[in-house]
Amino acid sequence: MRSSRRCSRNGCPRQAVATLTYVYNESTAVVGPLAAFAEPHTYDLCEPHARNLTAPRGWDVVRHEGEFEPPPPTTDDLVALAEAVREAARPAPRPPQDPEQRSEHPNQSPQTGRRGHLRVIPPTH
């Protein structure tokens, strides 16, 4: 089984192969090989995001020379279980609602819905 660590960039589903760390007192961003453990204040990045990272004006970027290797397989059953639970909890995409359907019932209140352990309750008028 592969590592379940994914790129920290929003919306990126790719596997992480590098770790970004900021050294604030030196105004430096360091992009190196994937750290052994995810730590606070570090960011896991996929290869395209690690290669194309830019820093704010006045900052330096120290980047790993060479290839970013994918993490080795892991046999951690707890990680596998957590990933399976995350996959099962993802809601199925909703089909787009036909605009004609909405206009047939303009005064109808929204339905009470359920998503995982959360419940949507329509407002009372």
Side-chain angles (χ1 to χ4, degrees):
M1 146 163 202
R2 286 265 172 222
S3 168
S4 65
R5 288 168 64 183
R6 300 278 175 219
C7 183
S8 297
R9 296 290 299 260
N10 285 339
C12 183
R14 290 185 285 258
Q15 180 179 3
V17 296
T19 297
L20 166 64
T21 306
Y22 290 107
V23 183
Y24 292 99
N25 61 348
E26 295 179 20
S27 299
T28 303
V30 180
V31 180
L34 187 65
F37 301 99
E39 296 184 25
H41 310 295
T42 64
Y43 304 90
D44 294 339
L45 300 173
C46 63
E47 186 157 2
H49 285 127
R51 296 262 179 239
N52 298 319
L53 179 90
T54 59
R57 190 177 312 178
W59 281 57
D60 295 318
V61 176
V62 177
R63 202 179 315 268
H64 170 69
E65 295 285 329
E67 297 297 315
F68 289 108
E69 298 291 325
T74 177
T75 57
D76 190 348
D77 291 336
L78 186 57
V79 172
L81 178 61
E83 188 62 28
V85 168
R86 272 190 218 104
E87 286 294 323
R90 285 195 180 119
R94 292 178 135 184
Q97 190 176 15
D98 186 23
E100 292 176 8
Q101 255 184 339
R102 273 186 257 144
S103 64
E104 289 176 12
H105 307 287
N107 296 330
Q108 185 179 14
S109 64
Q111 297 290 321
T112 300
R114 188 163 177 87
R115 180 177 175 201
H117 64 283
L118 303 175
R119 190 175 312 190
V120 178
I121 300 173
T124 56
H125 295 289

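Residue indices begin at 1 and follow the sequence shown.
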Connected via hydrophobic side-chain network under 4.5 Å: Val23 and Leu45: no
Cluster check Tyr43, Val62: I/L/V/M/F/W/Y, side chain < 4.5 angstrom: no
His64 and Val17: CA distance, side-chain angles, deciding distance, side chain to side chain contact (heavy atoms under 4.5 Å, CB included) verdict: CA-CA 11 Å; His64 170 69; Val17 296; over 6 Å; no
Side-chain atoms of residues 28-41: list all donor-acceptor pairs with protein atoms under 3.5 Å, sequence neighbours left out, distances to 0.1 Å.
{"residue": "Thr28", "atom": "OG1", "partner": "Glu26", "partner atom": "O", "Å": "2.9"}

Heavy-atom neighbours of Asn25 CG exceed 12 at 6.0 Å: yes
Partner set under salt bridge (Lys or Arg N to Asp or Glu O under 4.0 Å) for Arg51, not counting sequence neighbours: Glu47
Sidechain-backbone polar pair: Ser8 side chain, Asp44 backbone, donor-acceptor under 3.5 Å: yes
Under 3.5 Å: donor-acceptor pair, side chain of Arg63, backbone of Leu53: yes
Distance-minimising heavy-atom pair for Cys46 and Cys7: N-SG, 3.4 Å
Shortest non-hydrogen contact from Ser27 toward Gly58: CB-O, 4.2 Å
Step-by-step side chain to side chain contact (heavy atoms under 4.5 Å, CB included) determination, Arg14 to Arg6: CA-CA 6 Å; Arg14 290 185 285 258; Arg6 300 278 175 219; over 6 Å; no
